[in-house]
Amino acid sequence: SSDSREAEKQCIGVAADACMFATPAGTSTIGMNGCFDQELQYWDAQLNTAYRQLRVNAASFDAQATADGGAGPSVADALQQMQRSWIDFRDASCRFSAAQWGSGTGAGTATVACLMEMTGAQALALGEAY
């Protein structure tokens with residue numbers, strides 16, 4: 001349900017926030033970057049696991065459709081194109097987020113925070129799909 005999806009999204013950033021307050025230098029730019037990056041790595045691993053499982057499911061679906069005589073579009077190809085397009089969208093969104101900081105040191109922090117948030121959301125979305 002949409003309520004459970006929203007509740008799951010609430011967990012994105014929780015570990016980074018805890019890290020910033022638990023680490024002596026956690027509220028410095030370097031500290032924030034490290035905390036956001038640690039959580040980003042977690043979400044990236046979750047995303048890759050979900051994507052790999054979806055690829056297996058899509059290949060199985062395509063094989064079954066072919067065996068049944070179906071000639072529809074490839075689910076595996078559509079999944080791959082969707083994920084590639086999402087990566088382009090995520091990267092462009094995070095460049096925009098960083099650009100709002102100009103040449104300030106906050107640009108790097110804005111980038112890694114954006115990557116963490118968007119990767120977390122996509123990991124949850126893909127996890128729900130399989």
Side-chain angles (χ1 to χ4, degrees):
S1 78
S2 65
D3 288 340
S4 65
R5 269 182 255 143
E6 286 307 311
E8 287 177 336
K9 285 183 181 180
Q10 297 292 324
C11 68
I12 299 169
V14 170
D17 287 346
C19 170
M20 284 182 244
F21 292 109
T23 308
T27 56
S28 70
T29 302
I30 292 170
M32 287 188 289
N33 288 349
C35 291
F36 284 131
D37 188 57
Q38 285 178 19
E39 187 170 340
L40 168 60
Q41 298 312 311
Y42 168 81
W43 287 118
D44 190 57
Q46 298 303 305
L47 176 97
N48 287 324
T49 297
Y51 181 72
R52 277 192 299 275
Q53 185 59 53
L54 280 172
R55 292 280 299 165
V56 168
N57 294 352
S60 177
F61 182 88
D62 287 347
Q64 186 61 50
T66 299
D68 293 342
S74 166
V75 174
D77 290 348
L79 172 65
Q80 183 178 47
Q81 183 58 47
M82 178 278 303
Q83 188 64 7
R84 286 179 178 168
S85 295
W86 173 81
I87 290 168
D88 289 343
F89 173 73
R90 180 203 61 192
D91 292 350
S93 295
C94 293
R95 281 191 301 273
F96 172 71
S97 184
Q100 295 174 65
W101 287 87
S103 60
T105 59
T109 303
T111 299
V112 74
C114 175
L115 290 169
M116 178 201 67
E117 291 169 13
M118 293 189 75
T119 301
Q122 184 70 351
L124 292 171
L126 292 183
E128 290 177 7
Y130 79 86

Side-chain heavy-atom pair Q122, W43 within 4.5 angstrom cut-off: no
Any donor-acceptor pair under 3.5 Å from T66 side chain to D62 backbone: yes
Rounded distance [0.5 Å steps], CD in Q81 versus OG in S74: 11.5 Å
Linked, directly or transitively: L79 and F61 (ILVMFWY side chains, under 4.5 Å): no
Same apolar cluster (I L V M F W Y, side chains within < 4.5 Å links), F36/I12: yes
Between OG1 on residue T119 and CZ on residue R90, distance to nearest 0.5 Å: 4.5 Å
For the student: nearest non-hydrogen atoms of G13 and E39, plus distance: N-OE2, 2.7 Å
Closest heavy-atom pair and its distance - A76, R55: O-NH1, 3.0 Å
Heavy-atom closest pair, residues A50 and G127: CB-N, 3.8 Å
Y51-I87 co-clustered via ILVMFWY side chain contacts under 4.5 Å: yes
CE on M32 to CG on D17, rounded to 0.5 Å: 11.0 Å
Candidate pair T49 and Q53, rule side-chain contact (heavy atoms from CB on, under 4.5 Å), full reasoning: CA-CA 6 Å; T49 297; Q53 185 59 53; 5.8 Å; no
Spatial distance of atom CH2 (W101) from atom OG1 (T111) [nearest 0.5 Å]: 11.0 Å
Same apolar cluster: M82 and L47, side chain cutoff 4.5 Å: yes
Approximate separation, where rounding is to 0.5 Å, of N48 CG and L126 CG: 9.5 Å
Pair Q41-D37, side-chain donor/acceptor within less than 3.5 Å: yes
Approximate separation, where rounding is to 0.5 Å, of E117 CD and S97 OG: 8.0 Å
Intermediate values then yes/no, side-chain contact (heavy atoms from CB on, under 4.5 Å), Q83 and L54: CA-CA 11 Å; Q83 188 64 7; L54 280 172; over 6 Å; no
